[in-house]
There are 2 protein chains.
Amino acid sequence: MRLLLVEDTFDMAEAIMIRLDRSGIACDLAKTLEEARSLLDVQRYDVIVLDLNLPDGLGTDLLKELRQKSDRTPVLVLTAEFSVDDRVSTLNSGADDYLVKPFDYRELEARIQALYRREQGDKAEELAIGDLTFNATARVVRLKEAQVNLTRREFSLLELFIRNRGKVLSKERLFEGIFSFQDTDVSMNALELYVARLRKKLSGSSVVIETQRGLGYKLEVHD
Amino acid sequence: MRLLLVEDTFDMAEAIMIRLDRSGIACDLAKTLEEARSLLDVQRYDVIVLDLNLPDGLGTDLLKELRQKSDRTPVLVLTAEFSVDDRVSTLNSGADDYLVKPFDYRELEARIQALYRREQGDKAEELAIGDLTFNATARVVRLKEAQVNLTRREFSLLELFIRNRGKVLSKERLFEGIFSFQDTDVSMNALELYVARLRKKLSGSSVVIETQRGLGYKLEVHD
DNA sequence: CAAACCCTGTCACCAACCTGTCACCGGCTG
DNA sequence: CAGCCGGTGACAGGTTGGTGACAGGGTTTG
């Protein structure tokens with residue numbers, strides 16, 4: 001795990017870093033918002049631990065910038081004191097969790113791990129194929145950022161192709177994949193039609209459904 | 001929240017269910033261990049409230065079975081009398097909390113809520129989603145400062161959506177979340193109606209419930 | 001205790017959109 | 001070049017979801 005710690009108090013930062021290092025968490029330190037920004041420009045982090053009070057501004061400002069850029073990196077906010085209002089505004093800025101100083105380092109680590117796990121769990125569901133992003137849980141397909149709206153059948157079909165990318169899939173196999181066995185009266189032409197519709201919706205993508213005459217179809221990634 | 005109550009005394013069970021229902025907790029009732037087992041086979045619960053003395057055995061037996069299967073659902077044990085030995089053996093069986101009859105229903109509810117909160121790992125009890133603030137404990141929802149008045153069912157529904165934001169939730173899943181299984185005669189249209197009502201109350205928010213035809217609904221945050 | 005109010009869930013009807021057939025076309029293959 | 005396989009536009013149901021109106025039941029208030 002790669003972590004960015006934004007904290008200006010040296011003792012605090014050192015104590016945290018030693019502890020995290022011991023747990024095998026690679027930890028970069030930024031003492032100001034400025035430093036944090038330059039690090040974030042060149043490096044992706046799995047988790048950010050952000051102190052609220054920094055010499056050159058508020059942690060929440062950085063947080064808002066990130067979310068503005070739709071960077072969803074999990075952020076844990078550290079703060080000295082915390083009124084109910086602070087709490088609300090911090091969470092509103094897009095923080096995922098917060099911890100009030102002084103805190104127990106074990107708790108900090110536990111929460112960092114929790115955020116990391118959540119993040120990884122979400123990501124596992126995202127498949128990237130060429131310039132396509134496929135998320136089975138959210139049932140979302142994106143083509144270069146833009147969302148592609150697929151119907152149920154189209155989605156099932158694409159899912160089949162993606163899970164077997166590179167393999168030739170027979171029409172029968174595909175048919176069984178998207179129609180239930182009750183649909184005995186549906187013609188094979190329906191499948192061809194769905195392939196056509198999918199192709200149209202995915203046109204402009206590096207992902208292409210190739211026809212294998214007499215055999216079936218195959219999903220290929222071109223460049 | 002979805003709760004399983006295992007209790008054979010009818011009066012007691014009814015009193016508890018009415019109370020919990022009023023707080024928006026979808027509550028299933030099992031009068032025997034047998035019934036409880038079949039319900040647990042088909043349904044996940046957030047909390048289980050378990051009477052110790054049941055016609056077909058001891059509540060602790062069920063509890064041990066669960067823990068054996070490494071099911072960590074929080075369990076609150078209800079019992080008529082309680083020696084120190086009982087207490088120890090109950091907790092050893094894997095109970096998370098217990099309550100001695102007669103008890104105050106408010107206390108029961110508070111403890112159930114506490115177990116639920118702990119389970120959800122929700123130390124930050126205020127959830128911020130887009131321009132919405134959601135407080136499960138206080139049962140308050142705010143849209144850009146202004147309070148949104150939601151009914152019991154509307155609140156349960158929103159809670160489900162928020163705890164699974166981004167994921168597609170099937171109508172069945174949502175239905176089970178807001179109705180108890182005794183409500184077999186309620187039509188699926190009721191759920192659609194609640195979605196419509198929620199949408200109306202949340203109109204103008206960045207949080208939107210999207211329809212996934214044939215699949216269910218999904219909560220999305222737009223900008 | 002009645003009146004007013006609100007929450008619930010049903011019904012009916014409408015709108016949107018998904019679906020699969022048909023028909024016809026075009027290109028491969030032998 | 002004939003035959004076949006696959007591609008695709010148009011269209012007609014059919015399914016699914018949305019929503020206004022309403023009735024029943026419960027709760028609050030005067």
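Below, chains carry the letters A, B, ... as their sequence lines are ordered, and counting in each starts from 1.
Non-hydrogen atoms lying under 4.0 Å from DNA chain C are contributed by A/Leu193, A/Tyr194, A/Arg197, A/Arg213, all within residues 192-215 of chain A.
Within the 4.0 angstrom heavy-atom criterion, only backbone atoms of the sugar-phosphate kind lie near A/Asp185; the bases stay farther away. If you check every strand for non-hydrogen atoms under 4.0 Å, B/Asn189 touches a base.
On the nucleic acid side, DNA chain D contacts chain A at distances under 4.0 Å to non-hydrogen atoms, with the end points of that region at D/dC5 to D/dG9.
When each of A/Lys171 and B/Lys171 is assigned the nucleotide of DNA chain D with its nearest heavy atom, A/Lys171 is the one assigned upstream, toward the 5' end. Taking the nucleotide of DNA chain C with the nearest heavy atom to each of A/Met188 and B/Thr151, the more 5' of the two is matched to B/Thr151.
For A/Ser187, the listed nucleotide lying nearest its side chain is C/dT21; candidates were C/dT21, C/dT8, C/dC11.
Shown here for B/Glu159 and B/Ala136, the closest heavy-atom pair between the two residues is OE2-CB, 4.1 Å. Nearest heavy atoms, A/Ser205 versus A/Val208: O-CG2, 4.4 Å.
Taking the six-membered ring for Trp, B/Tyr45 and B/Tyr116 have ring centres at least 6.0 Å apart.
Both the sub-6.0 Å distance and the 45° axial angle are satisfied by B/Arg197 relative to the ring of B/Tyr194.
Around the CD atom of A/Glu145, the shell of radius 6.0 Å holds no more than 12 heavy atoms that belong to other residues, nucleotides or ligands.
Using a distance-only test at 3.5 Å, with no hydrogens or angles considered, a donor-acceptor pair links the side chain of B/Lys218 to the main chain of A/Ala138.
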